[in-house]
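Here is the structure we will look at, set down as structure tokens.
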Amino acid sequence: MRFDVLTIFPEALTGFLSVGVLGQAIEKGLISAHLHDLRDFTDDPHRVVDDRPYGGGPGMLLKVEPIVRGIEAIKAGTIESCFLHEQCEDNNQQANSASKCKTILLSSQGRLFSQNDALKWGKLDQLLLVCGRYEGVDERVVQFVDDEVSIGDYVLTGGEVAAAVIIEATARMLPGMVGRFESVTTDSFYEKDHLGPPQYTRPPEFRGLRVPEVLLSGDHARIERFRESRAWEKTMRNRPDLIGLERLPEQSQHLDRVGDDG
Ligand code: SAH
């Protein structure tokens, strides 16, 4: 799968894309990532990408023309350069052969991104992520994308972190990305509306806190039942909204955390 990011700070994502599961996936050729500098799609000598908002107000907005030019060039495969130079050889060829592509605008005013989106988008050939900055983008950009998406109810200074979140969550859904796919399917939110179970590793006791005995028992059926019930408990405690319940008062949440035995 191919990821493209259109941004004024392509360098913000290079470190992130070069480590861990994503770095390895890029090296193995499971995914490719192409970072495009929005300024490459300007047509003036100063490479201006922003302007003041009509009607007044503070700050600047990203202009519509460079963004739309960038989207069109990336989708058509007519880009001359991209920030991760070593991956650019196959740049245009891959873009042309990509039949299933979605263009997403990262926006604090978008609908909320979810695990289901990651799962669906993982089946695409190409995902093009457009990052805003400053006070955002000219609203007309929305007409040129397939979706306007937010990663949470808070405001960031730019879309790059949101793009990183979406790339990581989506790439994780691809076969071969994570050692055992089972570890993905048992995670929180994977085709379910509740959290995954709490987990433990060695040592068996830390400062008086013991790992639940059942997990040391080797009885897989019991372990499964235990994990299932703990997953629901944790959902009720931390995310009751997921299962249509009200949040517990703060104090009982704390009490629940103690006494985590089997
Ligand atoms: N004026 C806007 C905020 C702009 S923040 C408002 O009132 O909502 C600048 C840019 O950061 C946005 O264009 C978007 O690309 C990015 N951004 C900020 N918060 C985000 C979020 N929660 N999810 C995705 N992108 C976000």
Side-chain angles (χ1 to χ4, degrees), residues 1-17 22 31 33-42 47-75 79 82-84 101-122 124 126-173 188-189 195 238-239 241-242:
M1 179 172 180
R2 171 189 169 117
F3 294 93
D4 288 86
V5 184
L6 186 57
T7 162
I8 59 166
F9 292 123
E11 66 275 23
L13 285 160
T14 48
F16 176 78
L17 288 168
L22 287 181
I31 60 169
H34 304 263
L35 308 177
H36 308 278
D37 189 340
L38 183 64
R39 292 186 199 279
D40 291 344
F41 302 99
T42 52
R47 295 166 41 97
V48 175
V49 288
D50 58 333
D51 209 337
R52 289 188 303 276
Y54 277 121
M60 301 292 269
L61 290 176
L62 288 183
K63 289 159 68 63
V64 63
E65 307 102 301
I67 294 184
V68 170
R69 252 185 244 125
I71 292 173
E72 288 174 351
I74 294 165
K75 282 166 74 173
I79 327 132
C82 85
F83 200 77
L84 289 179
C101 170
K102 261 197 196 304
T103 304
I104 309 296
L105 173 66
L106 283 329
S107 160
S108 40
Q109 301 171 358
R111 67 167 184 86
L112 279 184
F113 174 69
S114 72
Q115 186 70 48
N116 269 344
D117 294 315
L119 193 58
K120 269 193 282 169
W121 294 348
L124 298 170
Q126 183 182 14
L127 195 60
L128 164 50
L129 301 163
V130 180
C131 302
R133 273 271 156 179
Y134 314 126
E135 280 304 309
V137 303
D138 184 311
E139 185 68 15
R140 288 168 291 185
V141 169
V142 175
Q143 305 299 313
F144 296 85
V145 298
D146 299 305
D147 214 341
E148 183 180 1
V149 169
S150 162
I151 59 159
D153 292 340
Y154 37 78
V155 177
L156 304 165
T157 53
E160 291 73 15
V161 169
V165 166
I166 289 179
I167 292 174
E168 185 151 300
T170 304
R172 226 171 147 264
M173 294 296 105
S188 305
F189 306 115
L195 307 178
N238 289 349
R239 295 295 308 277
D241 54 301
L242 291 175

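Quick note: residue numbers are just sequence positions, from 1. First listed ligand is number 1; within each ligand, the first listed atom is number 1.
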Exercise. Kindly give the heavy-atom pair with the smallest separation between P10 and L35, and that separation in Å.
Key: O-CD1, 3.4 Å
Quiz item: Which ligand 1 atoms are under 4.0 Å away from a heavy-atom of Q109?
Solution: 6 (C), 7 (O), 8 (O)
Quiz prompt | Contact check, side chains of I8 and Y134, non-hydrogen atoms, under 4.5 Å | solution = yes
Exercise. Heavy-atom contacts with G159 under 4.0 Å: which atoms of ligand 1 show up? List them by number with element.
Key: 11 (O), 15 (O), 16 (C)
Practice problem: Could you check if a side-chain atom of I31 sits within less than 4.5 angstrom of a side-chain atom of R2, using non-hydrogen atoms only? | Solution: no
Exercise. Output yes when the distance from some N or O of ligand 1 to some N or O of C131 is under 3.5 Å, and no in every other case.
Key: no
Quiz prompt | Nearest-neighbour protein heavy atom for atom 23 (N) of ligand 1, which is reported as residue plus atom name and distance | solution = I151 N, 3.0 Å
Quiz prompt | Lys/Arg-Asp/Glu bridge criterion (N-O < 4.0 Å) met for D117, K102 | solution = no
Quiz item: Can you tell me how far the CZ atom of R47 sits from the CZ atom of F41, to the nearest 0.5 Å?
Solution: 10.0 Å
Practice problem: Give the atoms of ligand 1, by number and element, whose distance to some non-hydrogen atom of L106 is under 4.0 Å. | Solution: 14 (C), 15 (O), 25 (N)
Quiz prompt | T42/V48 under side chain to side chain contact (heavy atoms under 4.5 Å, CB included): CA gap, chis, key distance, verdict | solution = CA-CA 7 Å; T42 52; V48 175; 5.7 Å; no
Practice problem: Just need the protein heavy atom nearest to atom 25 (N) of ligand 1, so name the residue and atom and give the distance. | Solution: S107 N, 3.4 Å
Quiz item: Hey, is E135 touching ligand 1 through its side chain, its backbone, both or neither, going by heavy atoms under 4.0 Å?
Solution: both
Exercise. Considering non-hydrogen atoms only, spot the tightest contact between A164 and L13 and give its length.
Key: CB-CD2, 3.7 Å
Practice problem: Number the atoms of ligand 1 from 1 as they appear, then name those within less than 4.0 Å of a heavy atom of L156, with their elements. | Solution: 5 (S), 9 (C), 11 (O), 18 (C), 19 (N), 20 (C)
Practice problem: Any chance you could lay out the side chain to side chain contact (heavy atoms under 4.5 Å, CB included) test for F3 and L17, step after step, and finish with the verdict? | Solution: CA-CA 11 Å; F3 294 93; L17 288 168; over 6 Å; no
Self-check item: Min N/O separation V149 to ligand 1 under 3.5 Å
Solution: no
Quiz item: Do any nitrogen or oxygen atoms of Y154 lie less than 3.5 angstrom from nitrogen or oxygen atoms of ligand 1?
Solution: yes
Self-check item: Under 3.5 Å donor-acceptor, D138 side chain and K63 backbone
Solution: no
Quiz prompt | Check: V155 N/O within less than 3.5 Å of ligand 1 N/O | solution = no
Exercise. Give the residue, atom name and distance (to 0.1 Å) of the protein heavy atom nearest atom 8 (O) of ligand 1.
Key: S108 OG, 2.7 Å
Exercise. Determine the minimum heavy-atom distance between E160 and C131, stating which atoms define it.
Key: OE2-CB, 3.6 Å
Quiz item: Would one find an N or O of G132, backbone or side chain, under 3.5 Å from an N or O of ligand 1?
Solution: yes
Practice problem: Decide whether an N or O pair under 3.5 Å exists between A162 and ligand 1. | Solution: no
Quiz prompt | Subset of ligand 1 atoms that lie under 4.0 Å from at least one heavy atom of G152 | solution = 22 (N)
Self-check item: Proximal atoms of ligand 1 relative to G136 (non-hydrogen, under 4.0 Å)
Solution: 4 (C), 13 (O)
Quiz item: Going by the order shown, which atoms of ligand 1 are within less than 4.0 Å of some heavy atom of Y134?
Solution: 4 (C), 5 (S), 9 (C)
Quiz item: How many angstroms lie between atom CD1 of I67 and atom CG of L6, to the nearest 0.5 angstrom?
Solution: 6.5 Å
